[in-house]
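Here the structure is laid out as structure tokens; the discussion comes afterwards.
Residue numbers run from 1 in the order of the sequence given. The figures that follow rest on heavy atoms only: side chains count, while hydrogens, waters and symmetry mates do not. Every value quoted in this text rests on a predicted model; they were computed, and no experiment measured them.
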Amino acid sequence: MSGGSSAREVKHMMAAPKKVCVVGSGNWGSAIAKIVGANAAKHDTFVTTVNMWVFEETVNGRKLTEIINTDHENVKYLPGHKLPPNVLAVPDLVESVKGADILIFVVPHQFIVRLCDSIKDHIKKDAVGMSLIKGIDAGPEGLKLISEVIRGKLGITMTVLMGANIANEVAEEKFCETTIGCKDKTCGSVLKELMQTTNFRVTVVEESDVVEICGALKNIVAVGAGFCDGLGFGDNTKAAVIRLGLTEMISFAKMFCTGCPVSPATFLESCGIADLITTCYGGRNRKIGEAFAKTGKTIEQLENELLNGQKLQGPATASEVHQILKQKNLVEKFPLFSAVYQICFNSHPVAEFINCLQNHPEHM
């Protein structure tokens with residue numbers, strides 16, 4: 001578990017039923033709330049009621065929280081899927097997290113600092129956090145994982161969950177796998193119990209930093225896969241994007257996870273190759289990449305037109321990664337990541353994306 005854990009924390013994890021809060025209620029947050037709500041109702045390990053923080057909006061003249069709590073459906077972000085009745089939508093952020101033993105963070109990574117500042121004085125000191133947020137933060141101190149940002153702000157133990165998990169398919173209960181990154185086995189087993197279902201298979205691994213880096217970087221590769229679709233290239237080209245993208249992901253992880261091991265096995269988990277494949281064939285980053293190549297509209301325009309209020313992570317992560325690589329004078333070693341950045345932000349012609357594949361270094 002990132003940040004270590006004392007014997008007292010571990011003991012607490014095994015004691016009274018744990019209160020769970022899902023911090024976020026978009027497409028993915030609502031899909032996870034469906035799983036967590038069902039498991040909290042089923043297992044004595046957890047308090048039955050699961051709070052879900054909902055950014056209040058009006059939908060067809062009604063408050064979104066009222067719709068969720070009355071009709072048990074997030075009609076804006078996950079329409080057509082019933083949430084368990086024990087999932088309680090709470091519009092007040094501070095109120096939603098009070099008393100929670102497990103905090104599941106699933107908001108766009110752009111909002112996490114402000115969110116943490118709002119709740120830091122209102123959470124249990126021995127709470128355990130789990131980040132489902134796919135992104136990184138490139139500040140003046142260099143690379144920071146989102147779990148590190150949260151831990152730094154809140155002072156709590158952090159874990160992560162990443163995998164080949166397109167939200168609508170998870171909500172439809174189609175079989176898939178996911179990966180929890182957690183350095184503490186006792187805590188990992190509690191989190192697995194909270195998350196695992198017959199059709200949502202959970203593996204727990206200790207390399208939580210690598211799990212999280214995979215979740216962030218694959219979105220950059222998916223934008224590139226979308227460019228290929230928009231330019232009319234076929235499956236062979238996309239396979240090359242996936243393979244070369246994976247080599248850059250592995251190189252980046254080895255370069256930046258210096259304090260922990262980076263084993264090839266983690267890239268074979270759902271958080272690695274599986275998430276990369278599914279994101280390059282489905283998901284919003286691929287979709288926007290394709291539309292960008294076809295229409296010539298800006299990323300911002302397409303996000304507004306096509307994503308129904310959801311946020312795009314790939315281009316933002318490409319920008320953060322570029323900043324880090326530039327600081328370390330390593331831009332040329334990551335031609336695919338760099339090409340996505342240059343096309344999204346510096347008006348490089350999207351047709352030139354293929355050059356980064358043709359001229360990719362053989363060994364990284």
Side-chain angles (χ1 to χ4, degrees), residues 2-3 17-37 40 46-59 62-78 83-135 137 144-161 167 191 194-195 212 307-313 316:
S2 296
K18 309 294 169 292
K19 185 165 178 53
V20 182
C21 174
V22 180
V23 185
S25 56
N27 188 234
W28 185 212
S30 299
I32 280 297
K34 185 179 174 187
I35 288 174
V36 167
F46 309 104
V47 174
T48 303
T49 300
V50 171
N51 285 0
M52 177 172 74
W53 174 60
V54 175
F55 181 78
E56 192 68 280
E57 300 176 64
T58 303
V59 181
R62 293 171 71 196
K63 287 182 176 177
L64 185 54
T65 50
E66 182 210 325
I67 295 170
I68 293 169
N69 290 333
T70 308
D71 305 341
H72 307 298
E73 183 182 345
N74 188 336
V75 292
K76 175 151 191 192
Y77 295 108
L78 196 67
L83 296 173
N86 58 310
V87 172
L88 179 69
V90 181
D92 185 302
L93 175 60
V94 169
E95 205 54 46
S96 73
V97 301
K98 275 185 184 165
D101 300 292
I102 299 172
L103 294 160
I104 299 168
F105 295 94
V106 53
V107 294
H109 83 277
Q110 300 93 313
F111 304 142
I112 196 63
V113 171
R114 199 166 67 225
L115 185 147
C116 288
D117 285 338
S118 303
I119 66 172
K120 64 184 175 191
D121 297 325
H122 306 280
I123 58 167
K124 293 175 83 164
K125 295 302 166 205
D126 56 0
V128 169
M130 176 185 271
S131 174
L132 278 62
I133 301 167
K134 293 176 172 175
D137 184 63
K144 265 197 177 170
L145 300 173
I146 300 301
S147 64
E148 276 185 86
V149 173
I150 298 170
R151 186 170 67 243
K153 287 279 180 187
L154 304 183
I156 62 173
T157 296
M158 284 301 299
T159 66
V160 297
L161 180 146
L191 296 172
L194 179 63
M195 291 292 177
E212 189 169 2
L307 293 188
N308 186 36
Q310 295 175 76
K311 288 290 173 193
L312 195 66
Q313 302 298 347

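- Side-chain contact check for F46 versus N86: every heavy-atom pair is 4.5 Å or farther apart.
- Residues P91 and W53 come closest through the heavy atom pair O-NE1, 3.2 Å.
- For the atom pair CD1 of I32 and CG of L161, the computed distance is 6.0 Å after rounding to the nearest 0.5 Å.
- Taking the side chain as every heavy atom from C-beta outward, Q313 and P108 approach each other to under 4.5 Å.
- Distance check, rounded to the nearest 0.5 Å: CD1 of I146 to CG of D137 gives 5.5 Å.
- Contact annotation: the side chain of I133 approaches that of V107 to within less than 4.5 Å [non-hydrogen atoms, C-beta and beyond].
- With contacts defined as side-chain heavy-atom distances shorter than 4.5 Å, the pair N69/L88 qualifies.
- The CD atom of E148 lies 11.5 Å from the OG atom of S131; values are rounded to the nearest 0.5 Å.
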Stepwise side-chain contact (heavy atoms from CB on, under 4.5 Å) test for V160 and L145: CA-CA 10 Å; V160 297; L145 300 173; over 6 Å; no
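- Interatomic distance, CD of E212 versus CG of L132, reported as 10.5 Å (0.5 Å rounding).
- Contact between S147 and M158 at its shortest, heavy atoms only, is O-CG, 3.5 Å.
- Closest non-hydrogen pair, S30 versus N74, comes out as OG-ND2, 2.9 Å.
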Would you tabulate the side-chain donor-acceptor contacts of residues 114-123 under 3.5 Å, counting partners in other chains and residues two or more places apart, or write 'none'?
unit_1	atom_1	unit_2	atom_2	d
D117	OD1	K153	NZ	3.1
S118	OG	R114	O	3.0

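- A 4.5 Å side-chain heavy-atom check between N51 and V23 finds every atom pair outside the cut-off.
- For R62 and E66, the salt-bridge test passes: some basic side-chain N is under 4.0 Å from an acidic carboxylate O.
- Looking at every heavy atom in both residues, I35 comes nearest to M195 through CG2-O, 3.2 Å.
- Other residues, nucleotides and ligands contribute at most 12 non-hydrogen atoms within 6.0 Å of the CZ atom of F55.
- Within the model, atoms CG of L312 and CG of L307 stand 6.0 Å from one another, a figure rounded to the nearest 0.5 Å.
- Two residues are said to be in side-chain contact when any heavy atoms from C-beta on lie closer than 4.5 Å; M52 and C21 fail this criterion.
- Taking CG of L93 as the start and CD of E56 as the end, the distance is 13.0 Å to the nearest 0.5 Å.
- Taking the side chain as every heavy atom from C-beta outward, I67 and E73 never approach each other to under 4.5 Å.
- The shortest non-hydrogen separation linking H109 to A316 is CE1-CB, 4.1 Å.
- V54 and S25 get closest at one heavy-atom pair: CA-OG, 3.4 Å.
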